[in-house]
Amino acid sequence: MDPTDDPSPLDKVSWPVRTERLSIRRATIDDVDTTWRFRRLESVGQWLSELPVSLDAYREKFQDPERLAKTLIIELDGEVIGDLMVRIEDAWSQREVAEQAKDVQAELGWVLDPDHTGRGYAVEAVRELIRLCFEDLGLRRVTALCFADNEPSWRLMEKLGMRRETYNVRESLHRSGEWLDGAGYALLADEWEPDAPASGS
């Protein structure tokens, strides 16, 4: 059986989910052009793991079933303004309890169109993504990684109550040729405060 045919934990969610201003839904192959519009920008690609070189190359990557299965789309009044990643994964465990560690956590990621930054949309979308992970999917832990120089990203994590767990010195090779520091954040379900205002400015 093709592993991509397995049901996704995200199938449990009633899509779309809505926040005060945004709508979040599963990605489809029709989202290629609208996400390419902002993902091709140098200011966005600076921190992405891969910079698309052409629309055709991006389309091939985007339409991969494994990528689509973990991609969500952020809409504002019907306009695509960003995307989210939720990669549900197993926790590390000893062999005897491995089954209990299956699909219990998620790595999160996000990209927002620069035309829509500075208005709190990223915080609103990622807060909803965390809520969805804990309340709808019943996960026990979420994580997120970033280059330490990507200050907007780690500040967003801290606003949402995520805890910096790792800081790795010059461990990631950037496409600029520089070795950069990296940071890792996490939040446990029993630490999540859904009604808490975002901290910081």
Side-chain angles (χ1 to χ4, degrees), residues 4 7-88 106-139 142 144 146 150 152-157 159-162 187 192 194-198 200-201:
T4 60
S8 165
L10 294 177
D11 293 341
K12 302 173 186 174
V13 179
S14 296
W15 302 100
V17 295
R18 291 184 170 82
T19 65
E20 182 181 350
R21 299 177 292 175
L22 305 173
S23 178
I24 300 171
R25 60 172 174 80
R26 301 288 294 272
T28 73
I29 57 175
D30 295 329
D31 293 309
V32 169
D33 290 346
T34 52
T35 54
W36 161 257
R37 179 174 47 80
F38 53 84
R39 276 184 164 262
R40 66 182 174 80
L41 301 175
E42 186 176 345
S43 62
V44 173
Q46 178 182 11
W47 304 121
L48 298 181
S49 57
E50 184 175 2
L51 186 62
V53 295
S54 70
L55 177 56
D56 287 342
Y58 177 69
R59 180 178 290 109
E60 183 177 351
K61 293 276 188 184
F62 189 90
Q63 293 179 345
D64 178 87
E66 288 189 18
R67 176 171 175 155
L68 273 178
K70 62 189 179 186
T71 303
L72 305 176
I73 296 296
I74 308 168
E75 292 185 335
L76 174 68
D77 298 327
E79 178 188 357
V80 175
I81 66 165
D83 61 75
L84 302 165
M85 179 200 71
V86 54
R87 179 188 294 125
I88 297 172
E107 180 184 351
L108 310 182
W110 49 87
V111 176
L112 197 71
D113 183 337
D115 287 345
H116 295 278
T117 57
R119 301 173 214 175
Y121 295 137
V123 171
E124 190 172 326
V126 178
R127 184 200 301 277
E128 179 62 14
L129 183 58
I130 294 172
R131 184 207 65 75
L132 186 151
C133 285
F134 291 147
E135 296 183 7
D136 295 2
L137 300 178
L139 304 183
V142 295
C146 70
N150 186 359
S153 189
W154 61 255
R155 285 202 180 277
L156 184 153
M157 299 181 214
K159 282 182 180 181
L160 293 174
M162 297 184 76
L187 185 67
W192 171 239
D195 299 323
S201 56

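Worth knowing before you read on, the calculation uses all heavy atoms, side chains too, and leaves out hydrogens, waters and symmetry mates.
Side-chain atoms of D77 and R21, non-hydrogen and from C-beta on, never get closer than 4.5 Å to each other. Residues P65 and L68 have side chains not in contact (no heavy-atom distance under 4.5 Å, counting atoms from C-beta outward). Counting only heavy atoms from C-beta outward, the side chains of L84 and I24 approach each other to under 4.5 Å. The closest side-chain heavy-atom distance from W192 to V142 is not below 4.5 Å. Taking 4.5 Å as the limit, every side-chain heavy atom of K61 sits out of range of all side-chain heavy atoms of P52. Counting only heavy atoms from C-beta outward, the side chains of L55 and D33 approach each other to under 4.5 Å. Within the 4.5 Å cutoff, the side chain of E75 has no heavy atoms near those of the P16 side chain. With contacts defined as side-chain heavy-atom distances shorter than 4.5 Å, the pair T35/V111 does not qualify.
Annotation: salt bridge (charged side-chain N to carboxylate O under 4.0 Å, His left out) contacts of E79 (sequence neighbours excluded): none.
Using a 3.5 Å distance cut-off with no hydrogens or angles, the side chains of E128 and T19 do not pair a donor with an acceptor.
Rounded to the nearest 0.5 angstrom, M85 CE and R67 CZ are separated by 10.0 Å. A distance of 9.5 Å separates CG of L72 from CZ of R25, quoted to the nearest 0.5 Å. Taking CG of L160 as the start and CG of L129 as the end, the distance is 10.0 Å to the nearest 0.5 Å. With values rounded to the nearest 0.5 angstrom, K70 atom NZ is found 8.0 Å from D64 atom CG. Taking CD from Q63 and CG from D31, the interatomic distance works out to 10.5 Å, rounded to the nearest 0.5 Å. Here the straight-line distance linking atom CG of L139 with atom CD1 of I130 works out to 11.5 Å at 0.5 Å rounding.
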Could you go through residues 38-47 and list every donor-acceptor pair under 3.5 Å that involves a side-chain atom there, pairing it with any protein atom two or more places apart or in another chain?
unit_1 : atom_1 : unit_2 : atom_2 : d
R39    : NE     : D83    : OD2    : 2.9
R39    : NH2    : D83    : OD1    : 2.9

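Of the possible donor and acceptor atoms, one in the side chain of W15 sits under 3.5 Å from a partner among the backbone N and O of L10.
For P194 against R127, the heavy-atom pair with the smallest separation is O-NH1, 4.2 Å. When all heavy atoms of T71 and F62 are compared, the pair lying nearest together is CG2-CE1, 4.5 Å. Between P9 and L137 the shortest heavy-atom distance is O-CD2, 3.3 Å. Closest approach of W110 and A144 over heavy atoms only: CH2-CB, 3.9 Å. Pairing each heavy atom of S54 with each of A57, the nearest pair is OG-N, 3.1 Å. Of all heavy-atom pairs between D11 and R26, the closest is OD1-NH1, 3.1 Å.
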Go through the steps for I74 and Y121 under the test side-chain contact (heavy atoms from CB on, under 4.5 Å), then give the verdict. CA-CA 9 Å; I74 308 168; Y121 295 137; 5.9 Å; no
Would you check, one step at a time, whether the test side-chain contact (heavy atoms from CB on, under 4.5 Å) holds for I81 with L22? CA-CA 10 Å; I81 66 165; L22 305 173; 4.0 Å; yes
